[in-house]
Amino acid sequence: MTAWVLHVDMDQFLAAVEIQRHPELAGKPVVVGGRGDPTERAVVSTASYEAREFGIRSGMALKIAVRRCPEAIFLPVDFPVYEAVSAKVMQALRDFPGAVVELLGWDEAFVGIDSEDPMETAHAVRRAVFDATGLHCSVGVGDTKMRAKVATDLGKPRGVFRLTRDNWLEVMGDRPVKALWGIGSQTSKRLESHGIRTVNDLAATADDVLAAEFGPNTGPHIGRLGRGAGSAVVDDTPWIARAHGHETTYQQDLTTPDAIRAALGDLAALVEKDLRQEQRPCQRVHLKIRFAPFFTFTRVRKLPEPTYDPAVIVDTAFALYTKLADDRPVRLLGIRGEMVPPEGGYDAPRTHGRRGNP
DNA sequence: TCTGGGGTCCTAGGACCC
DNA sequence: TCTGGGGTCCTAGGACCC
């Protein structure tokens, strides 16, 4: 038996859940995002495949989406419903014989499993998820997490694809580096300035070149991404949060210090609730702020001592805002409360949202 | 043509200490 | 006139992911 990494990813997850409970939407362009009002400041969370044909993508402003497809159906994001469906998906994976499940998000997970026929196992996982939820997913099969994760996209929708050391460059070599998990637009640009555009280019680049550009740690890490290398260990240890935060984009910009302080108060109350639930006080306060139009700042301040007190959190956040000495209108505010580490630290694994070098 | 809300980790450099 | 070497803590800022 050989150990394999499967990456399971739901197809058009939010749209699929909405279509399931509103069957009359099947086959139509459906866009889930914000409060479902495309005149508001909000972005697309998920677009159905029909909506994607109009060029609508997740992360796109709803105002642009509605321009691309005026007849699309816009629906609000309904967190509790997706969370319940997500739990069913993950339970189906955990119930799969021999599976070790590591959550990556609402709608995706790594599954570690021993198999002689991983493609057949992947199809069986697809069936298990469909039987439990009535929803379709795609599955990537790999000999590392990186390869499994990238393979899933090649299998979509409702399919299975395998990437291993043997076919990695054959399949991925001519694709742009941005197709890799962990390389975004900025890293892509910096690589391009060295003439590195494709996965082949990156895989052939010496570590010391990358280290000179990105640092001794990140440089070689990026090189490993190009080769599809990396960890193959799937770890089901529960995730421990480092921080909890809340942010809001205001439909009308905030223009006075009083309005900003009041808005910070609302956010601090939400953060306090999370911290108390977690029973870990806040040790550092992060302020995130976007001035109209598009300048985003974050600022951090350590607290003299850990606290749950929302008044302290607000005062700290407001002080950070004042220090910016910028009286432009404010479009977005966020407060993140970084918690004291749990007993024993963070040696338990953590995958959610992680970019770290494996 | 406009930009969510939830996260995590990395690098650089200054302050300070021995 | 020149200016250690090692360490920790902190802030600013960047990047990426779902």
Side-chain angles (χ1 to χ4, degrees), chain A residues 7 9-10 13-14 32-46 55-68 76-77 79 82-83 86 103-109 145-146 149 152 177-178 180-191 211 213-222 225 239-251 253 267 270-271 274 283-288 290-304 316 320 323-324 331-339 346 349-358:
Chain A
H7 176 257
D9 192 63
M10 302 303 292
F13 183 53
L14 306 196
V32 183
R35 295 190 285 191
D37 178 350
T39 67
E40 288 192 345
R41 289 175 179 169
V43 297
V44 176
S45 291
T46 305
I56 298 175
R57 296 283 178 273
S58 51
M60 175 182 283
L62 292 185
K63 284 177 187 170
I64 295 180
V66 74
R67 227 169 283 151
R68 295 208 175 171
V77 177
F79 294 97
Y82 313 138
E83 256 155 35
S86 170
L103 271 58
L104 262 181
W106 261 1
D107 67 334
E108 59 177 299
K145 286 179 174 177
M146 172 74 185
K149 166 83 180 166
T152 308
V177 291
K178 206 170 173 299
L180 300 170
W181 184 40
I183 296 191
S185 55
Q186 296 308 311
T187 305
S188 177
K189 268 183 212 157
R190 284 172 76 178
L191 287 169
E213 173 65 32
F214 296 99
N217 206 342
T218 299
H221 168 64
I222 288 171
L225 297 182
W239 171 62
I240 299 172
R242 265 66 170 163
H244 288 293
H246 290 273
E247 61 185 72
T248 306
T249 297
Y250 300 97
Q251 294 301 322
D253 296 344
L267 293 166
L270 294 170
V271 171
D274 290 342
Q283 60 178 4
R284 296 209 282 176
V285 173
H286 301 235
L287 173 74
K288 181 171 172 181
R290 170 138 73 225
F291 297 106
F294 308 122
F295 305 99
T296 307
F297 295 88
T298 58
R299 289 291 182 273
V300 189
R301 180 162 298 172
K302 188 177 198 294
L303 298 175
T316 307
L320 287 168
K323 224 177 99 186
L324 284 172
R331 181 159 297 188
L332 171 150
L333 283 176
I335 296 181
R336 175 166 310 281
E338 200 181 312
M339 296 175 286
Y346 286 116
R350 65 279 190 181
T351 354
H352 274 57
R354 106 171 247 165
R355 165 196 158 65
N357 305 344

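Per chain, numbering begins at 1; letters A, B, ... match sequence-line order.
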What is the nucleic acid contact for [X], judged by heavy atoms within less than 4.0 Å: base, sugar-phosphate only, or nothing?
X	result
A:G245	sugar-phosphate
A:R336	base
A:S185	sugar-phosphate
A:K323	sugar-phosphate
A:R284	base
A:G184	sugar-phosphate
A:V43	base

### Query
Taking only Watson-Crick and G-U wobble pairs with both distances under 3.5 Å, what dot-bracket line describes DNA chain B, where [ ] shows pairs that cross earlier ones and | shows pairs with another strand?
....||||||||||||||

### Residue met sooner reading DNA chain B from 5', once A:G59 and A:D274 are mapped to nucleotides
A:G59

From the options [options], select the nucleotide whose nearest atom is closest to the side chain of [X].
X	options	result
A:R299	C:dA15, C:dA12, B:dG7	C:dA12
A:Q186	C:dC16, C:dC18, B:dG4	C:dC16
A:A243	B:dT1, B:dT11, B:dT8	B:dT8

### Set of ring pair (Phe, Tyr, Trp, His ring centres under 6.0 Å) partners for A:Y82, sequence neighbours left out
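Checked A:Y82 against ring pair (Phe, Tyr, Trp, His ring centres under 6.0 Å); matches are A:W106.
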
